[in-house]
Amino acid sequence: MDFLPPTDPRVVALTRDLNPAQREAVTAPPEHRLVLAGAGSGKTRVLTHRVAWLIAVEGVSPQSILAVTFTNKAANEMRGRIEQLINVPVRSMWVGTFHGIAHRMLRLHWKEARLPQNFQILDADDQQRLVKRVIKALDLDEDKYPAKALTGWINARKEEAERPEHIQDTGDFAMRQFVRVYTAYEEQCRRSGLVDFAELLLRAYELCRDNPDIQRHYRTRFRHVLVDEFQDTNKLQYDWLRVLAGDRGVLFAVGDDDQSVYSWRGARVENMLHLQRDFLGTEVVRLEQNYRSTGTILRAANGLIAKNSGRLGKNLWTDGGDGEAIQLYAAFNEYDEAEFVVNRIRDGVEGRRRYSDHAILYRTGAQSRVVEEILIRNRMPYRITGGLKFFERQEIKDALAFLRLLHIRDDDTSFERAVGTPPRGIGATTVEKLRLWAREQDISLWAAAKLGQQHLGRSANAVNQFMALIDAIAAEGKDLPLSQLTELVIARTGLRDHYRKEKGEQAESRLENLDELVSAARGFELLPLPQGDDQLPEMDPLTNFLAHAALEAGEQQAGPGEESVQLMTLHAAKGLEFPVVFLVGVENGLFPNMRSIEEGNIEEERRLCYVGITRAREQLYVSYAEVRRVHGVEQIGSPSQFLKEIPSETLQETRPRAQVLRPAFIARESGYGGGGYSRGGGGYGNSGGGRGGDEYPRGGYAGYDRQNAARTLLKESSIGPGGFSLGQRVKHAKFGEGTILSFDGDGDRARAEVKFKTAGNKWLLLSVANLQAL
DNA sequence: GCCGAACCCCTTTTT
DNA sequence: GGGGTTCGGC
């Protein structure tokens with residue numbers, strides 16, 4: 001670059017559409033950079049232009065570039081946009097997810113990584129099942145040692161690069177059991193040739209750290225390492241980047257500390273702070289000009305996030321207009337809230353909007369149900385992002401288990417799944433016998449089935465038939481193309497017949513999915529050079545297919561993102577944008593979530609709120625419900641504290657056109673303050689709410705001034721019976737200190753559910769319990 | 001061994 | 001309220 005005049009056409013082409021800050025980042029000399037990229041500030045653009053700049057202007061070989069993202073979607077998008085920019089395919093460039101890159105290294109260096117050549121990937125679900133079996137095998141109490149917790153713990157250890165032998169024995173009994181499980185789990189994985197997600201990263205890290213040749217190779221090769229969403233990196237990923245970059249690799253990290261919402265998964269925002277220490281000379285570039293949202297939306301977002309401490313600091317601005325005020329709606333309950341949203345969408349669609357211009361964002365997945373109900377009732381097309389992905393579906397995993405078993409008979413995880421689906425007379429007892437014998441002999445289940453016939457009694461026959469079936473499919477399918485092999489598996493194992501017998505819509509979709517799997521397999525027959533590389537590991541189509549299934553579990557829902565309203569959690573919305581956004585359920589306890597409040601991690605919730613607000617381009621609606629059913633119990637809600645933190649001049653309370661009514665039993669109390677609360681008031685059966693109108697025909701409710709009540713709510717926080725509020729810390733003479741979770745009943749029968757440290761959750765009659773506010 | 005009924009738990013989930 | 005798991009009857 002040094003010698004290229006700014007008028008050079010290559011320079012002009014790559015910089016003319018950039019603002020000064022973006023240009024500074026893109027054209028920076030080859031030194032470490034941390035790009036603090038605010039929401040909607042053109043982060044991807046900077047990343048892709050930077051790569052193009054390195055290649056086209058700096059003359060860096062694509063081979064020397066490693067670009068890492070977190071999602072496949074981001075990786076694909078990045079590669080596509082880079083190729084567009086410099087108009088050549090850049091096959092030799094490594095662009096991928098952390099896991100994808102790690103996987104590739106392990107395939108290339110499976111020997112050095114001490115893995116079998118045909119190792120398979122264990123997804124999160126498989127992993128937990130395996131851990132569970134290990135816990136059982138060790139005869140541990142599953143209540144004391146829940147598989148979920150142990151799996152989380154093991155993954156956390158791996159993310160700290162801690163193997164079982166690294167964990168210090170403090171003499172703690174439970175900890176010893178944890179380590180036992182970890183050790184046994186690792187051994188199980190080793191024998192089955194399985195690698196879980198965390199293990200992919202850890203192995204790759206150890207490989208690069210401990211093998212001098214490999215380390216030299218990659219350090220020489222990757223002169224430029226670019227990382228997206230840097231705030232989401234965990235310790236292991238960070239350490240791996242350090243090893244890879246060595247002394248000479250140049251790091252270009254892009255991220256936003258204000259959008260760090262995955263700390264609960266091990267993400268460490270602090271990594272952004274450590275850059276200047278570990279990558280000497282790292283300079284920070286701030287991208288603060290926002291191209292997405294209106295000035296009002298940005299002011300709201302800036303105001304809210306300013307309440308967080310320890311930020312790197314950033315203030316979004318736009319040279320566009322202020323736009324509309326943010327509309328705040330105080331709903332009576334979650335049905336009312338959903339109706340409000342649907343009515344606004346209808347208004348939009350009757351105007352210039354499309355359904356797909358609207359996104360409904362919520363804190364927890366369970367909130368989608370009511371919204372869906374109302375959408376369906378109003379015949380609006382919608383699409384939920386999140387949930388089960390294609391390759392995670394039961395029927396697909398069933399079929400894959402057989403395919404994997406064809407590959408590695410010693411894969412116990414697949415054996416256990418395949419042996420019982422569809423039912424073939426081999427039940428829990430038989431499998432348990434196999435496990436016992438296998439453990440005793442230290443062999444796989446397959447080997448145990450083969451060698452331990454005498455232990456099986458009358459089910460030996462069924463087991464033999466099962467093994468014969470697998471062998472037969474393997475023999476018949478040996479020379480078949482992958483898709484035909486897949487079809488063979490689905491037919492011969494009886495999977496198709498099994499699901500054909502099932503009734504209902506779900507069964508139909510399962511059959512369709514199985515067919516879809518066959519089609520998907522077809523795509524892997526001609527070994528598409530995955531992201532083409534000079535030195536690709538040789539992978540047979542089946543291994544390739546199975547790896548793909550685990551690493552890129554597929555779109556979340558079949559069917560294209562057609563013309564439909566978009567529903568998703570706030571987490572799932574990160575990175576996306578929509579003209580109109582509805583942020584629903586903005587209530588204390590729900591958002592910020594109770595658990596986060598208890599864990600003292602409210603700042604992350606605030607960042608999540610910031611993420612939600614900054615998804616909106618033109619119009620943002622925020623709503624909360626005064627009463628909401630949670631886990632089947634009605635609870636009083638109060639407007640989220642975040643609403644008070646958003647600059648009030650950006651908010652405007654909206655009021656339905658027709659008068660909104662309120663249950664008499666609440667209205668009879670003065671305002672909301674001493675509020676009685678009664679359950680069962682709001683069965684929302686009659687949704688007569690006609691088109692276009694905002695009528696809420698619920699008989700028997702007295703009128704009340706919604707706007708006024710909402711304002712009161714904004715000031716005070718949820719007051720329940722007896723003047724206590726949700727989430728409030730209280731003291732009980734017998735149970736000690738606790739937190740109020742919910743209220744129930746009124747008058748003398750008013751009760752509160754309180755979570756105590758030692759005594760657990762208790763329902764206490766307020767007239768009796770004599771709780772002291774803390 | 002298999003299936004339905006009781007039972008239990010319940011934030012978020014890039015790979 | 002709902003989904004996943006376990007337990008008990010056939």
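Here is how names work: the chains are called A, B, and so on, in the same order as the sequence lines, proteins then strands, and each is numbered from 1.
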J.: How would you label the contact of A:Thr429 with the nucleic acid (heavy atoms, under 4.0 Å): base, sugar-phosphate, or nothing?
T.: sugar-phosphate
J.: Can a cation-pi geometry be assigned to A:Arg107 and A:Phe119, taking NZ or CZ under 6.0 Å from the six-membered ring centre and within 45° of the ring axis?
T.: yes
J.: What is the distance, rounded to the nearest whole Å, between atom CZ of A:Arg265 and atom P of B:dT11?
T.: 16 Å
J.: Hey, does A:Gln394 reach any base, or is it just sugar-phosphate, or nothing, if we go heavy atoms under 4.0 Å?
T.: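 Counting heavy atoms under 4.0 Å across all strands, no contact is made by A:Gln394.
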J.: Determine whether A:Pro639 and A:Val586 make a side-chain contact, defined as any pair of heavy atoms from C-beta on separated by less than 4.5 Å.
T.: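 Of all side-chain heavy-atom pairs linking A:Val586 with A:Pro639, none is under 4.5 Å.
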J.: Of all the heavy-atom pairs spanning A:Phe197 and A:Ala550, show the shortest one and how long it is.
T.: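 Heavy atoms only, the tightest pair is CZ-O, 3.4 Å.
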J.: 5'-most contact on DNA chain B: A:Ile426 or A:Leu570, nearest heavy atom basis?
T.: A:Ile426
J.: Rounded to the nearest Å, what distance is computed from the NZ atom of residue A:Lys132 to the P atom of nucleotide C:dT5?
T.: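 That distance rounds to 6 Å.
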J.: Classify the nucleic acid contact of A:Thr430 as base, sugar-phosphate or nothing, counting any heavy atom under 4.0 Å across all strands shown.
T.: sugar-phosphate
J.: OP1 or OP2 of B:dT15 less than 4.0 angstrom from a side-chain nitrogen or oxygen of A:Asn72, does that happen here?
T.: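 For A:Asn72, the contact criterion (side-chain N or O under 4.0 Å from OP1 or OP2 of B:dT15) is met.
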J.: Given the C1' atoms of C:dG3 and B:dT14, what is the spacing between them in whole Å?
T.: 24 Å
J.: Would you please indicate if the ring centroids of A:Phe415 and A:Phe466 are separated by under 6.0 Å?
T.: yes
J.: Nearest-Å distance, NE2 (A:His631) to C1' (B:dC7)?
T.: 16 Å
J.: Which is true for A:Gly365 with a 4.0 Å heavy-atom rule: it touches a base, it touches only sugar-phosphate, or it touches nothing?
T.: sugar-phosphate
J.: Rounded to whole Å, how long is the line connecting atom CG of A:Leu590 with atom C1' of B:dT12?
T.: 12 Å
J.: With a 4.0 Å limit, can you tell me whether A:Thr569 has a side-chain N or O closer than that to the phosphate oxygens OP1/OP2 of B:dT13?
T.: yes
J.: Within the stacking criterion (centroid distance below 5.5 Å, interplanar angle below 30°), does A:Tyr262 stack on B:dT13?
T.: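 The ring of A:Tyr262 is not stacked on B:dT13.
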J.: May I ask you to say what A:Arg424 touches in the nucleic acid, namely base, sugar-phosphate or nothing, with a heavy-atom cut-off under 4.0 Å?
T.: sugar-phosphate
J.: Quickly work out the A:Glu604 CD to B:dT11 P distance and round it to whole Å.
T.: 16 Å
J.: In whole Å, I'd like the distance from the CZ atom of A:Arg606 to the C1' atom of B:dT11.
T.: 18 Å
J.: If the threshold is 4.0 Å, N to carboxylate O, is there a salt bridge linking A:Glu373 and A:Arg369?
T.: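 Counted as a salt bridge, because a side-chain N and a carboxylate O are separated by less than 4.0 Å.
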J.: Between B:dT14, B:dT11, B:dC3, which one does the side chain of A:Thr71 approach most closely?
T.: B:dT14
J.: Which value, in whole Å, describes the distance between the C1' atoms of nucleotides C:dT5 and B:dT12?
T.: 23 Å
J.: Heavy atoms under 4.0 Å, any strand shown: does A:Glu373 hit a base, just sugar-phosphate, or nothing?
T.: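 Since no nucleic acid heavy atom lies under 4.0 Å of A:Glu373, the category is nothing.
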J.: Take atom CZ of A:Phe591 and atom P of B:dT11, then tell me their distance rounded to the nearest Å.
T.: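 Computing the A:Phe591:CZ to B:dT11:P distance gives 16 Å.
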J.: Considering heavy-atom distances to DNA chain B, does A:Asn593 or A:Glu392 have its closest nucleotide positioned more toward the 5' end?
T.: A:Asn593
J.: Which pair of non-hydrogen atoms, one from A:Gly612 and one from A:Leu570, has the smallest distance, and what is that distance?
T.: CA-CD2, 3.6 Å
J.: Answer yes or no: does a side-chain N or O of A:Arg595 lie under 4.0 Å from OP1 or OP2 of B:dT11?
T.: yes
J.: Would you tell me if any nitrogen or oxygen in the side chain of A:Lys389 comes within less than 4.0 Å of OP1 or OP2 on B:dT15?
T.: yes
J.: What is the distance, to the nearest angstrom, from the CZ atom on A:Phe70 to the P atom on B:dT15?
T.: 11 Å
J.: Would you mind classifying the nucleic acid contact of A:Ala428 as base, sugar-phosphate or nothing, using non-hydrogen atoms under 4.0 angstrom?
T.: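 A:Ala428: backbone/sugar contact only, no base atoms under 4.0 Å.
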J.: Look at the side-chain N and O atoms of A:Arg369 and state whether any lies under 4.0 Å from the OP1 or OP2 oxygen of C:dG2.
T.: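 Looking at the OP1 and OP2 atoms of C:dG2, one of them is under 4.0 Å from a side-chain N or O of A:Arg369.
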